[in-house]
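Letters A, B, ... are given to chains in the order of the sequence lines, protein chains preceding strands, and every chain is numbered from 1.
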Amino acid sequence: MIKEIIHAHLVTSLDKLGISHAKEFSVEVPNITEYGDYSSNCAMILAKENKKAPKALAEIIVKEIKKNKDYKKVSVAGPGFINFQLAPAFFQRIFWEIHKAGADYATSDFGQGEKVLIEFISANPTGPLNIVNARAAAFGDTLYRVMQKTGYKPAREFYINDAGNQVDILAESLELRLRELHGEKIGEFPYEAYHGDYVKHLAQKLNANEGVRVFMMTEKDRMEHLKEFALNEILEMQRLSLERFDVIFDGWVSEKTLRSEGVVEEVLSYLTEADCTYEKDDAIWFASTKYGDDKDRVLMKSDGSITYFVPDLAYHLTKIQRGFSTLIDIFGPDHHGYVPRIKAAFKALGYDDKMLEIIFLQQVNLFESGERVKMSKRAGKIVTMDDLINEVGKDAARYFFIARKASAHLNFDLELALKQNNENPVYYCQYAHARICSIIKKAKKDKVWPKTFKKELLVKLNKPEELSIIQKLSDLPELLTLIAIYREPHRLTTYLEELSAMVHKYYARYQIVSSKSKTLSQARLMLLYTVKNVMAIVFELMGISAPEKM
RNA sequence: GCCCCUGUAGCUCAGGGGAUAGAGCAGCGGUUUCCUAAACCGUUGGUCGGAAGUUCGAUUCUUCCCAGGGGCGCCA
């Protein structure tokens, strides 16, 4: 918010001086504090169009800008940077706005109510959610929360692949485990089947409920029955894992339901009408190469069954029909080959493929005692999302998952996440919040805490550390819009760590609640109280708790 | 062979067309009659994977090369 104010000051001054400013220039926080609080490259950017040397131009601008009392010092440096040092009163004015905003601080209408559908996880309902799913959950949910805060109208959806042949395999695996339970020799468990222990648990549960009745059904009825039972159980299991992670979906869309509604035939006919399908080898193909894919794709297999692609495309079309103008899919790293074909379908059907945005989360490697934990789904050797939550807790898990940008491979160190000490950034940030709460408690006990904070206290906030904290607080609204625009939730953790460090330093350097001066104590309490509120906003966006004491 | 991601301090990673490239941890040395030492202060450590190009200026953009990870089904 301060950057915008300075930028506006600059524009007004440029206009007054008759300096043209067609080219965009920026106002930034310089990386070296000695240069000032803010810095602009405008003189260097505008030098060419005004036919002046950057430094000379800067001098003219500075002379005009200096008339404004908001700045303590404005100077020209280096090749033509204009550096601003702000007057404490400027910071204090900004702080008062932040303080008054409370929990609504940084809420904006930036997104202008744009309807955005964020689809993530969409795991097969054939087993427990794994750690890559957990990463997607943390990433997608945090992105959702930030977009909501910044004025978009986002929705979270989970697409259930409950109609493919993996569900048949699941039912067969369950039947084998059931037979085993009844003492039948089943020999070696098939390679293709699901080996995880959860299938055994499902068999036990089904057996306890229904006993041998299952085997009195016809083969066909039994398979349907087993399928339905397993799907319901596993979906419920997945839903509970997500609930423990504080991830609530706005919608669960079933592929099976979609298929029963006839949308598959619809999509096939749309594609045929668009004249981009053909028959070959008894199968129906989509000529996706016409629209940039590297090979054509099968829509209907030679046995008459449909490929995964068709209902998934149908699902995406329903998103558009429901009024979403931006579709964000968060995928695992193994799906990138899928993008050209779905984008091709969008183009073939006359939609702008730019409305479909696909974010790839790179893989997660688990480390334990410095060793990489090998995982295999087939062999049932996976670390589940529940295991992870049990092991390190929701807060640490969510924090570590959003601390990396999507495109980075994530090394998850189980031991580090478990550590409740200074090696662990989650605790560093939570501790900063808890410390402020502790101070507030003491202030109340010592009767220093005021009913309301008076504006007159502001002038007491003039220490460099205090002004830096205010500056950091003022960065949040812009940060949130950047996170929303670039879909980069990981920036939240950097921000929180920087703010926490400032709090710890301030805490160590200054006595907050002091018997010497009540007004000074209250001024500092006002600052920390507001910092606490801002931290709580950020924790909430990350889905992490803000503890009052640790 | 083709496609995607990555390469920045001992480790895990931020950053980003500009002024002296950052953080946490690890290492070394300090701080507690005082609001939580899960903290703070000081310090060691980098030819930003390599080469060329664009630019007044490249660690950042482009191309090529090297290294690591992943993907290339009438699976989902």
Side-chain angles (χ1 to χ4, degrees), chain A residues 28 30-32 34-35 39 41 44-45 47-48 54 77-81 83 122-124 126 161 163-167 169 192 255 280-285 294-295 297-309 311-312 331-340 360-363 365 367 370 400 403-413 416 419-432 434-443 445-446 448 490-491 493-495 497-498 500-501 503-515 521 524-525 528 549-550:
Chain A
E28 297 296 336
N31 45 9
I32 292 147
E34 283 80 52
Y35 291 147
S39 173
N41 61 356
M44 294 184 296
I45 295 284
K48 214 171 214 173
F81 290 100
N83 294 332
S122 297
N124 284 336
T126 53
N161 303 138
N165 58 21
Q166 80 280 8
V167 186
I169 297 171
E192 285 296 316
E255 179 184 351
K280 193 181 93 182
D281 304 332
D282 295 328
I284 299 176
W285 294 70
D294 60 343
K295 52 183 118 166
R297 307 291 172 174
V298 172
L299 299 170
M300 188 184 280
K301 304 180 223 170
S302 50
D303 66 2
S305 68
I306 223 83
T307 58
Y308 167 84
F309 175 56
D312 188 52
F331 282 177
D334 50 339
H335 280 67
H336 82 259
Y338 186 68
V339 177
F360 288 100
L361 287 177
Q362 293 301 316
Q363 69 182 102
N365 296 318
F367 282 83
F400 279 91
R404 302 276 171 271
K405 56 186 166 192
S407 63
H409 300 233
L410 194 153
N411 291 331
F412 200 110
D413 185 332
L416 176 62
K419 280 186 184 161
Q420 303 213 351
N421 65 17
N422 52 3
E423 290 174 47
N424 192 335
V426 189
Y427 288 92
Y428 184 81
C429 297
Q430 289 185 320
Y431 183 43
R435 269 186 150 176
I436 297 176
C437 293
S438 170
I439 292 172
I440 292 172
K441 219 161 149 193
K442 176 164 167 60
K445 199 173 128 228
D446 293 359
V448 186
H490 74 275
R491 295 187 186 207
T493 57
T494 314
Y495 178 79
E497 283 170 34
E498 284 165 0
S500 300
V503 169
H504 285 307
K505 278 170 214 213
Y506 185 59
Y507 179 96
R509 178 117 165 65
Y510 297 99
Q511 179 85 20
I512 312 302
V513 180
S514 152
S515 51
S521 297
R524 291 175 174 175
L525 282 167
L528 285 185
K549 86 176 179 211
M550 289 170 74

Any donor-acceptor pair under 3.5 Å from [X] side chain to [Y] backbone:
X	Y	answer
D303(A)	S305(A)	yes
S514(A)	S521(A)	no
R524(A)	Q511(A)	yes
T307(A)	M300(A)	no
Q430(A)	M550(A)	no

Using the ring pair (Phe, Tyr, Trp, His ring centres under 6.0 Å) criterion, which residues pair with [X]? Sequence neighbours excluded.
X	result
H336(A)	none
F412(A)	F400(A), F401(A)
H335(A)	F331(A)

Original post:
Pairing of RNA chain B as dot-bracket, 5' to 3': ( ) intra-strand, [ ] crossing, | other strand, . unpaired, with Watson-Crick or G-U pairs under 3.5 Å?
Top reply: (((((((..((((........)))).(((((.......))))).....(((((.......))))))))))))....
How many angstroms lie between atom [atom1] of [X] and atom [atom2] of [Y], to the nearest 0.5 angstrom?
X	Y	atom1	atom2	result
Y308(A)	R297(A)	OH	CZ	13.5 Å
E255(A)	D312(A)	CD	CG	8.0 Å
I440(A)	K445(A)	CD1	NZ	15.0 Å

With rounding to the closest Å, how many angstrom separate the [atom1] atoms on [N] and [M]?
N	M	atom1	answer
U6(B)	U59(B)	C1'	16 Å
G27(B)	G10(B)	C1'	9 Å
C11(B)	A26(B)	C1'	7 Å
A39(B)	C72(B)	P	44 Å
U20(B)	G71(B)	C1'	43 Å
A14(B)	C75(B)	C1'	38 Å
U63(B)	C41(B)	C1'	48 Å
A9(B)	G15(B)	P	15 Å

Subject >> For Y506(A), side chain to side chain donor-acceptor pair (under 3.5 Å) partners two or more places apart >> reply: E466(A)
**OP:** Check the pair V448(A) / L525(A) against side-chain contact (heavy atoms from CB on, under 4.5 Å), numbers first and verdict last.
**Re:** CA-CA 9 Å; V448(A) 186; L525(A) 282 167; 4.2 Å; yes
Base, sugar-phosphate, or nothing: which does [X] touch, judged by heavy atoms less than 4.0 Å apart?
X	answer
S39(A)	base
A403(A)	nothing
Y35(A)	base
Y510(A)	base

Return the value, rounded to whole Å, for the distance between atom [atom1] of [X] and atom [atom2] of [N].
X	N	atom1	atom2	value
K549(A)	A39(B)	NZ	P	19 Å
K405(A)	A14(B)	NZ	C1'	8 Å
L361(A)	U6(B)	CG	C1'	15 Å
E28(A)	G16(B)	CD	P	9 Å
F367(A)	U12(B)	CZ	P	8 Å
F400(A)	C25(B)	CZ	P	12 Å
R491(A)	G15(B)	CZ	P	7 Å
M44(A)	G17(B)	CE	C1'	10 Å

Pairwise N/O distances under 3.5 Å, protein to nucleotides 54-59 of chain B:
none

Subject >> Partners passing side chain to side chain contact (heavy atoms under 4.5 Å, CB included) against Y507(A) (at least two apart in sequence or in another chain) >> reply: R435(A), I439(A)
**OP:** Encode nucleotides 28-33 of chain B as B, S and - characters from 5' to 3', where the letter depends on protein heavy atoms closer than 4.0 Å: B to the base, S only to sugar-phosphate, - to neither.
**Re:** ------
Original post:
Once each nucleotide of nucleotides 69-76 of chain B is scored for protein heavy atoms under 4.0 Å, what B/S/- sequence comes out, 5' to 3'?
Top reply: BBSSSBSB
Original post:
Which atom names give the shortest non-hydrogen contact between S500(A) and C429(A), and what distance separates them?
Top reply: OG-CA, 3.3 Å
**OP:** Indicate the atoms forming the closest heavy-atom contact of Y35(A) with N83(A), along with that distance.
**Re:** O-CB, 2.8 Å
**OP:** Indicate whether F81(A) forms a stack on A19(B); treat it as stacked only if centroid distance is below 5.5 angstrom and interplanar angle below 30 degrees.
**Re:** yes
Subject >> Position toward the 5' end of RNA chain B (nearest nucleotide), F360(A) or E497(A) >> reply: F360(A)
Between N or O atoms, less than 3.5 Å apart, protein on one side and nucleotides 40-43 of chain B on the other: list the pairs.
from: C40(B); atom 1: OP1; to: Y428(A); atom 2: OH; distance (Å): 2.6

Original post:
Partners of R491(A) by salt bridge (Lys or Arg N to Asp or Glu O under 4.0 Å), sequence neighbours excluded?
Top reply: E488(A)
**OP:** Quick one: list whatever passes salt bridge (Lys or Arg N to Asp or Glu O under 4.0 Å) with E497(A), sequence neighbours left out.
**Re:** none
Original post:
What's the closest nucleotide to the R404(A) side chain, out of C35(B), A14(B), A38(B)?
Top reply: A14(B)
